[in-house]
Amino acid sequence: MTTPSTIPAVRFRAVARHFGEVRAVDSVDLDIAEGEFFAMLGPSGSGKTTCLRLIAGFEQPSAGTIEIFGEHAEGVPPYRRNVNTVFQDYALFPHMSVAENVAYALMVRGVGKAERLAKANEMLALVKLANFGARKPAQLSGGQRQRVALARALINHPKVLLLDEPLGALDLKLREQMQVELKTLQRSLGITFVFVTHDQGEALSMADRVAVFNAGRIVQVGRPEEVYERPATRFVADFVGGSNVIEPEAATRLRLPAGAWSIRPEKITLSATGNGPLGRVESLQYQGAQRRYVVAVGPDRLSVVTAAGTTAFTPGASVHVDWPADAPTRLEG
Ligand code: ATP
């Protein structure tokens, strides 16, 4: 592990990037600490990739300043930033072997063949592909290509690694496995990872901190628990975890405490004989480990998620909806 320094790895001050009329990034302030696993989370088109490209130096800000380890990034070309990128499509060279792909950055720097192949093999071992160096990218699975892209980006020991939806092309099982592996790798290397995703589960499970983007702006930055448990806005409550967002009149009808405006589906319990408001099951989705309901309570609709093993209710059933007193999110202050 590197010793955390007080100078942030990446600092944005009032950074904007406009493309004609499109405000892709609009006045973003951001500090990413050294050694942090930082996720940029948001819907499609919210400006995440543009922020990543601004850090890499593939884009220049229309306004504001970017610092990388305390140095002004303006005018510093991508290859001099000590920052590497793993692209969503991996961007491997198809005609080169896996080892040559991984060693590419060293070849460009004029490192001799024996040395660069030794380094490439070291990197391939790190991503658990020790015996794959002689293959061509086309002879690998999607998950293996992803690891090669990672090894290639790590070979010249960048201080910051940028990852643009790196797991997007993988199936669910492989994605979950790679989430754990990426996290472990990041911990052991101590490199700052900045990770773009539109998948809230991925961001919450991997990141030390998450920045939630909406329409070119960061609407909340915090640890996963903070963003999930105390969403700053309705947008965050809905986008991160699909909360029930509740209008003031509905809050009164549902007997929620004053100021409450959202409640997580999994915080709500259903029972035949509870104390809470009475509703009717409108729909039920069986999802293996859990059940997902929509319950109508008067004119209001609540999403409810219950764990497998709890009593199941069928559509049409009358149920009481209850929640612990501290479950609803209230406006701060
Ligand atoms: P996704 O998850 O779909 O990749 P994103 O959050 O990464 O989305 P960006 O790719 O940063 O979003 O794009 C933000 C906005 O800027 C979008 O409206 C996009 O169309 C626009 N945009 C991005 N790059 C350009 C460009 N080179 N020229 C014009 N508009 C652009």
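By convention here, the first residue in the shown sequence is residue 1. We count ligands from 1, going down the list as the structure has it; atoms in each ligand are counted the same way.
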I'd like to know if [X] and [Y] make a salt bridge, using a cut-off of under 4.0 Å between side-chain N and carboxylate O.
X: Asp29; Y: Arg217; result: no
X: Glu266; Y: Arg264; result: no
X: Asp208; Y: Arg187; result: yes
X: Arg253; Y: Glu249; result: no
X: Glu71; Y: Arg81; result: no

Ligand 1: protein residues within heavy-atom distance under 4.0 Å = Phe19, Val22, Ala24, Pro43, Ser44, Gly45, Ser46, Gly47, Lys48, Thr49, Thr50
How about Glu74: does its CD atom have over 12 heavy atoms from other parts shown lying under 6.0 Å from it?
-> no
